[in-house]
Amino acid sequence: MKPELNVSTADFVNPQLSLDKVIASTTLFGKEKTVVIIHDGERYVLRITKLKKLILTK
């Protein structure tokens, strides 16, 4: 079993903690299994698989 990433509210409030932006997948997906991302005018679909992996397709 893989360890879970422990993210606190402070990680979201204080951008000085990291140069990378951290967004929990639950924030992106909510109860859905797919989200559409528009990047540079192109449509991408990010989805959660049955094995809880993330797949990004164009």
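Only this structure's heavy atoms are used, side chains among them; waters, hydrogens and symmetry mates stay out.
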*Check R47 against F29 and note the closest heavy-atom contact, atom names and distance.*
CA-CE2, 4.2 Å
*asked:* Please say yes or no: joined through hydrophobic side-chain contacts below 4.5 Å, possibly via intermediate residues, are Y44 and I55 part of one cluster?
replied: no
*Is any side-chain heavy atom of I48 closer than 4.5 Å to a side-chain heavy atom of L54?*
yes
_Between V36 and I38, is there a side-chain heavy-atom distance shorter than 4.5 Å?_
yes
_Nearest atoms (heavy-atom pairs only) where L46 meets L28_ = CD2-CD1, 4.5 Å
_As an exercise, state the distance from NZ of K33 to NZ of K50, rounded to the nearest 0.5 Å._
11.0 Å
